[in-house]
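Here's the structure, in C-alpha cells; my notes come after.
All values derive from a computational prediction rather than experimental measurement. By convention in this document, chain letters (A, B, ...) are assigned in the order of the sequence lines, proteins followed by strands, and residues within each chain are numbered from 1.
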2 protein chains.
Amino acid sequence: MEDLRKIPLLSELSEDQLKKVLSIATLKKYPKGKVIFTPSQKGEFFFILKKGKVKVFKTAKGKEQILKVFSKPAIFGEAASFTGSYFPAWAESLEESEVLVIPRKEFLNLLREDPEIGMKLLAVMAQRLMHLTGVIENLSLKDALSKVSSYILTLYGEMGEEITFRTNIAAMELGLTKETVSRMLSKLKEMGIIEKNRNSIKIKDLKALKELSI
Amino acid sequence: MEDLRKIPLLSELSEDQLKKVLSIATLKKYPKGKVIFTPSQKGEFFFILKKGKVKVFKTAKGKEQILKVFSKPAIFGEAASFTGSYFPAWAESLEESEVLVIPRKEFLNLLREDPEIGMKLLAVMAQRLMHLTGVIENLSLKDALSKVSSYILTLYGEMGEEITFRTNIAAMELGLTKETVSRMLSKLKEMGIIEKNRNSIKIKDLKALKELSI
DNA sequence: CGCATAGTTGAGCTATTTCAACATCAGTGG
DNA sequence: CCACTGATGTTGAAATAGCTCAACTATGCG
C-alpha cells in the first residue's frame, strides 16, 4: 500500500480516500503474457499497476510498436477511462503482475470529489504527452544507432552500473527488429562505448553515448 | 469571438469568463513561416489559434516530423503551459495566423476557478494522447501507401468532394519524403482510387482506399 | 534434461531516401 | 501586364538503412 503512495495521482489522497479507493478496487493477478485490455474494449476501467511489468502497445500487420512499458507502480489506461472511449492500444503483462482495477464510474467520482486529483491527472497526462512526443521523435527522426543510444540513456541510473537490457523489448519500443538492436549493441561495444553481457550492459563512455543519442 | 466558442475548452465559459479571458489575452499576428514557440522555451504562455494554420513539430538532424497541424480555432501548447516545463516541440505558422496568447498564471487561475474547465482540459489532453498514438501507429506500423491512404481519409469530408492536398505537408506529417508521397499519389491514381490535380485530389473508390489504409 | 525463448551473426533483399533535373505555379516588382 | 524568382511538385536512377530469412548459440524454466 505504501508503494501506491508513490504514484503521483494517489499521493494526494487522504488516508480515508485511499482506503476508499482500495475498497472499490479489485485486485487482479495476471501471469506473464496476459492481455489486460484491447482496442476493442471501451474504457470502463481504470488501472493501477501495483506489481510487475506491463507493456502498452499498438499492433498492425503482425508488427508491434510499444508506446510505454510500466515497471514501477503507476496508473495506466487513464485517457480512455476518463473519456469512456475505446482504448487506443493494447496492454499486456510482461511478467507476473498485480493490477488494481477501478470502475470508471468510481474513478470519475474521485475526480469530482477532489479537484486536486483532477490537477494531478492533468499532470500525468501532460507527462504522457511529452513521453509520446519523445517516442515520435525517436521513431521518425533518428537512425538505429541513435535510437539504441538514447534508449540506453533512458535506462541509465548511475555511472558504472549494470543495466538490464532486453533486446527484444528494446526493439519493440524503438520500432526496430531485434537483429538490428543486437547489431547496434555490438557496434557500441566495438566503439568501446559500452560493455555487454547477455542480459545487461554497462556504459563505459557516457559522453560519447550522449553524443550518439542526438 | 463566436469562433472561439467552438473550442471545447472555451465553450464551457460564461459570457463574463470569456470576456475576462479575452481581456487577459494578447492578440498576436504571425505572418507565414514564423516560429511561435520552441523547445528551448518554458511554457509561460498558453495559446489559442483564432485564425490561420499552425504546425507543431519535432526536428533533429535537419529532418522534421509534424505532430499536429491546427487549422481550425483550437488551443495548443496546453501541456507545457500546464506544467510550466519546456515545450516538447516547435510551433510555426503555416499561413498568416492570429493567435491569442495567455500568460500561464492566468491560465492556471481559470483552471482553479472552475473545475469544469479542468475537466474540459482533461478531455482535450485525452484527445491529444489518442492523436499521438495514431501518429505513432502510422509512423511505425504502416508502409508508405498505407500512410498516404489513411492520411487522405483523415482529410475526407464527403463523397466526391475536392480535397486540398499539400504534398510536402503530408510528407512531414507522415514521416516520408515529398517524393515518396508524390509517388504514392500517382500509384493511387493509376489504381483508379483517386483523381489528382496539382493541389487537390478527389476520392473515386472509398472502399479500396479504406482497405489500403489499414 | 529437454525444449521453448532470447540473442547473435551473415547474406541478400527491398522499401524508401537521396540526388538530380525538370515542370509548374503564385507572388512580386518593374 | 509580364518577367522573374522562390516554392512546390514530379519523375527517374542510384544508394542505403534496416528488414527478412536462415542457421546457430546460449539460457533459463518446467
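- Around OH of Tyr86(A), the count of heavy atoms belonging to other residues, nucleotides or ligands within 6.0 Å does not exceed 12.
- For the atom pair Ile102(A) CD1 and Ile24(A) CD1, the distance stands at 6.5 Å (nearest 0.5 Å).
- Rounded to an integer number of Å, the gap from Arg198(A) CZ to dT8(C) P is 6 Å.
- Residues Val181(A) and Lys32(B) each lie close to DNA chain D; by heavy-atom proximity, the contact nearer the 5' end of the strand is made by Lys32(B).
- Among the protein residues, Gly175(B) comes within range of the sugar-phosphate backbone only, with heavy atoms under 4.0 Å from sugar or phosphate atoms but none that close to a base.
- Proximity of Thr167(A) to the phosphate of dT8(C): a side-chain N or O atom is located under 4.0 Å from OP1 or OP2.
- Between the side chains of Thr180(B) and Thr177(B), a donor-acceptor pair is found at a separation under 3.5 Å.
- Between the CZ atom of Phe165(A) and the C1' atom of dG7(C) there is a distance of 11 Å, rounded to whole Å.
- When DNA chain D is scanned in the 5' to 3' direction for atoms under 4.0 Å from non-hydrogen atoms of chain A, the outermost contacting nucleotides are dG18(D) to dG28(D).
- If you find the closest nucleotide of DNA chain C to Asn197(A) and to Arg183(B), the one lying nearer the 5' end belongs to Asn197(A).
- Summarising the geometry, the separation between CD on Glu179(B) and C1' on dA15(C) is reported as 14 Å, rounded to the nearest angstrom.
- Using a 4.0 Å cut-off, no side-chain N or O of Lys147(B) falls inside it from OP1 or OP2 of dT16(C).
- In this entry the distance linking NZ of Lys63(B) with C1' of dT17(C) reads 9 Å, nearest Å.
- Cation-pi check for Lys34(A) over Tyr30(A) is not met; the charged atom does not lie both under 6.0 angstrom from the ring centroid and within 45 degrees of its normal.
- A cation-pi contact, defined as under 6.0 Å to the ring centre and within 45° of the axis, is absent between Lys147(A) and Tyr151(A).
- Distance Lys142(B) NZ to dA15(C) P: 18 Å, rounded to the nearest Å.
- Exactly one residue among Ile194(A), Ile201(A), Asn197(A), Asn199(A) makes a side-chain contact (heavy atoms from CB on, under 4.5 Å) with Phe165(A). That residue is Ile201(A).
- In this entry the distance linking NZ of Lys196(A) with P of dA6(C) reads 17 Å, nearest Å.
- As rounded to whole Å, 13 Å separates atom C1' of dT8(C) from atom CE of Met184(A).
- Spacing between atom CG of Asp143(A) and atom C1' of dT16(C) amounts to 15 Å, rounded to whole angstrom units.
- Residue Asn199(B) is out of contact with every strand shown, counting any heavy-atom pair closer than 4.0 Å.
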Candidate pair Glu173(B) and Asn138(B), rule side chain to side chain donor-acceptor pair (under 3.5 Å), full reasoning:
CA-CA 10 Å; Glu173(B) 291 200 55; Asn138(B) 258 329; over 6 Å; no
